[in-house]
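Heavy atoms only: backbone and side chains are in, while hydrogens, waters and symmetry mates are out.
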Amino acid sequence: MEPYTLRAYQQDAVDLTIRHFRHSNDSAVIVLPTGAGKSLVIAALAKYARGKVLILAHVKELVEQNHQKFIASGISAGIYSAGLNQKETHHAVTFASIQSISRNLQALDSPYTLLVIDECHRLSDDEDSQYLKTIEHLKKLNPNLKVLGLTATPYRMGLGWIYQYHYRGFVRSDTPRPFMRCIYELPLRYMINHNYLTPPHIIDAAVSQYDFSAITPDAFGRLPEKPVNELLTRCKRVTQAIVQQVEKLATDRQGVMIFAATVQHAHEIAGYLPAEETALITGETTQLTRDQTIHAFKQKQLKYLVNVSVLTTGFDAPHVDFIALLRPTQSVSLYQQIIGRGLRLSPGKTDCLIIDYAGNNFNLHHPEIGAAKPDAESEPVQVFCPVCNFANIFWGKTDNDGQVIEHFGRRCQQAEKAANGKIVRCDYRFRFKSCSFCGAENDIAARQCHQCKEALTDPDDQLKKALQLNDAFILRCAGISLESSGSKITVIYHDEQGETLKESFNFNSAAQKYIFNQIFGRRFLNSSRPVTFDSLDEVLQAENKLTSPDFVIARKKGKFWRIQTRIFDYDGNYRKAHQLR
């Protein structure tokens, strides 16, 4: 008899994984919030799998935890981890640390059928990474290896989403990711609403906050330690006031975790707290001291645990009911991992108090992942595809009535599985670059036409060449206006200084009407609602909804300027209208 029974959602995750791998070798991801019991799902999958199974984790605590959940079912399994002083690979199921196994790939000398990666958001797309080297080695032994990742946070700083396609039918990335498909996802709100997790009580009652906005992060979103320490040195009164508030709010709390920005900062914080109730853990803390400190904290012999860049994953102290963030991060994954330390259930615990003193401002339930936020005024907006009617979520802007007036989406994100199991995407593009050879619409960053394979002209090259010509005029377009006369509609392009360029289209000519609709009808409302204009009246009524180009290039013909190129959806090195540089 098994010592545990899977919850309904855990069984769903197991069943969907088995169903997926019966028909596909595509790598897959399961998304389960912190506290949802990933180790039980892993144990069930390892039990049901045929052939040898390898389960990887990045810290020994997770290796040990996952191993214990599995052997509780009465089946033996091995451990390969230097930190746990065990190196076994002869069992059907092996739990290993990625650091230990990647340095000893020769120990994996027989084919494995299933590879499971816990906390798989740590897997990068770097070909030299420990994970990818291990996967490559295992696939040489078995080309049909099934690769499954589990995580609470399926995104990575600098990369975005770690998978490409979601089972609900949308695309997370137009380019390959470490995993192909997300096959199951359980929202954090579900866990809270069904009393599987403690409700987070996020308050904006900080007595003071740090302002790290003037410090430039590196490519991974990390702030360099030296300027952070310099800023914090100038903010000692702020730190002291914050710690005093934390201590006051912690009066009726069981366990408090404080996340500091640097080692120097952590020592300062700990110095303001009661010494007999406080401990500090950093990357420099010895393993013995760390284990003793964590044990004392879990036994509630300590109330305050201050740490720097540790204890975000693989750490389980269910009684924690107060999280104080005194460190900045641009990683929503790290933010959610930190908050997750306080959401497990525990006797006498009704909620987890969360205060962010570093101004991180993430949405815990709906993280905004993917393309970078274009500007401070942008927000997630829903845009329906005019072809397949899929509800896309893009960055955009709305008016006072909540109507979308602008969005920054490029291509419809709808994708569905065809009868042959392959992913088929909607090919509608909201923003596009037209091929001058075949007319096909391509991504605005494409260098080669996806249809005829001809090279696409780079907008920066067009602008650079035009600047070198004596008879060329480049207008940085700030907007357009319309004039009509008889059967003609004249489009007037305006720049920031009042300069203009004009061109006319005769609607009595089917060819010119077609060209106008290709330029402006197709891009109506930023291409979110393409229309075909049949009359001048229709055009004039929709004037304020026509999309303006970013640049217009004209050449001198006699005494007049003749427009040759209109550049829409520009994303390059030159400044656009109303854009400061």
Does some side-chain heavy atom of [Y] sit less than 4.5 Å from a side-chain heavy atom of [X]?
{"X": "V552", "Y": "D495", "result": "no"}
{"X": "C385", "Y": "C426", "result": "yes"}
{"X": "I162", "Y": "C120", "result": "yes"}

Would you call [X]-[Y] a salt bridge at under 4.0 Å N-O?
{"X": "D443", "Y": "R411", "value": "no"}
{"X": "D174", "Y": "R425", "value": "yes"}
{"X": "R431", "Y": "D571", "value": "no"}

#### Entry: salt bridge (charged side-chain N to carboxylate O under 4.0 Å, His left out) assessment of D471 paired with R555
CA-CA 6 Å; D471 64 343; R555 297 287 296 276; 3.1 Å; yes

With a sphere of 6.0 Å drawn around [atom1] of [X], does it hold more than 12 non-hydrogen atoms of other residues, nucleotides or ligands?
{"X": "E377", "atom1": "CD", "result": "no"}
{"X": "K236", "atom1": "NZ", "result": "yes"}
{"X": "K556", "atom1": "NZ", "result": "yes"}

### Query
For Y165, is the NZ or CZ atom of R177 found under 6.0 angstrom from the centre of its six-membered ring and inside 45 degrees of the ring axis?
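Because its charged atom misses either the 6.0 Å distance or the 45° angle limit, R177 does not stack over Y165.
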
Taking [X] for its side chain and [Y] for its backbone only, find out whether a donor-acceptor pair lies under 3.5 Å.
{"X": "T151", "Y": "T153", "answer": "yes"}
{"X": "S24", "Y": "H20", "answer": "no"}
{"X": "R327", "Y": "T262", "answer": "no"}
{"X": "Q448", "Y": "K453", "answer": "yes"}

### Query
Do R237 and T239 have side-chain atoms, one donor and one acceptor, less than 3.5 Å apart?
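Checked: R237/T239 side chains show no N/O donor-acceptor pair below 3.5 Å.
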
### Query
For residues Y493 and E503, is any side-chain donor paired with an opposing acceptor at under 3.5 Å?
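Per modelled atom types, Y493 and E503 side chains form a pair under 3.5 Å.
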
Of all the heavy-atom pairs spanning [X] and [Y], show the shortest one and how long it is.
{"X": "A455", "Y": "F437", "value": "O-CE1, 3.9 Å"}
{"X": "L456", "Y": "C449", "value": "CG-N, 3.6 Å"}
{"X": "V29", "Y": "L148", "value": "N-CD1, 4.4 Å"}
{"X": "C388", "Y": "Q414", "value": "SG-CB, 3.8 Å"}
{"X": "Q382", "Y": "V404", "value": "O-CG2, 3.9 Å"}
{"X": "C477", "Y": "A577", "value": "O-CB, 3.2 Å"}

### Task
Look at the aromatic rings of F533 and F516 and report parallel, tilted or perpendicular, splitting at 30° and 60°.
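F533 and F516: perpendicular rings.
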
### Query
Any chance the rings of F394 and F430 have centres within less than 6.0 Å?
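F394 vs F430: aromatic centres under 6.0 Å.
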
#### Entry: Centroid-centroid under 6.0 Å between F507 and F505 rings
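Not close enough - the centres of the two rings lie 6.0 Å or further apart.
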
### Task
Just do the side-chain hydrogen bond (donor to acceptor under 3.5 Å, both in side chains) check on S487 and N506 with the steps written out, would you?
CA-CA 6 Å; S487 62; N506 189 340; 2.8 Å; yes

### Message
Run the side-chain contact (heavy atoms from CB on, under 4.5 Å) test on T34 and Q336 for me, step by step, so that the C-alpha distance in whole Å, both residues' side-chain angles and the decisive distance to 0.1 Å come before the verdict.
### Response
CA-CA 9 Å; T34 300; Q336 290 189 308; over 6 Å; no

### Message
Please identify which of these residues, R172, E185, Q413, meets the side chain to side chain donor-acceptor pair (under 3.5 Å) condition with H166.
### Response
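Answer after filtering R172, E185, Q413: E185.
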
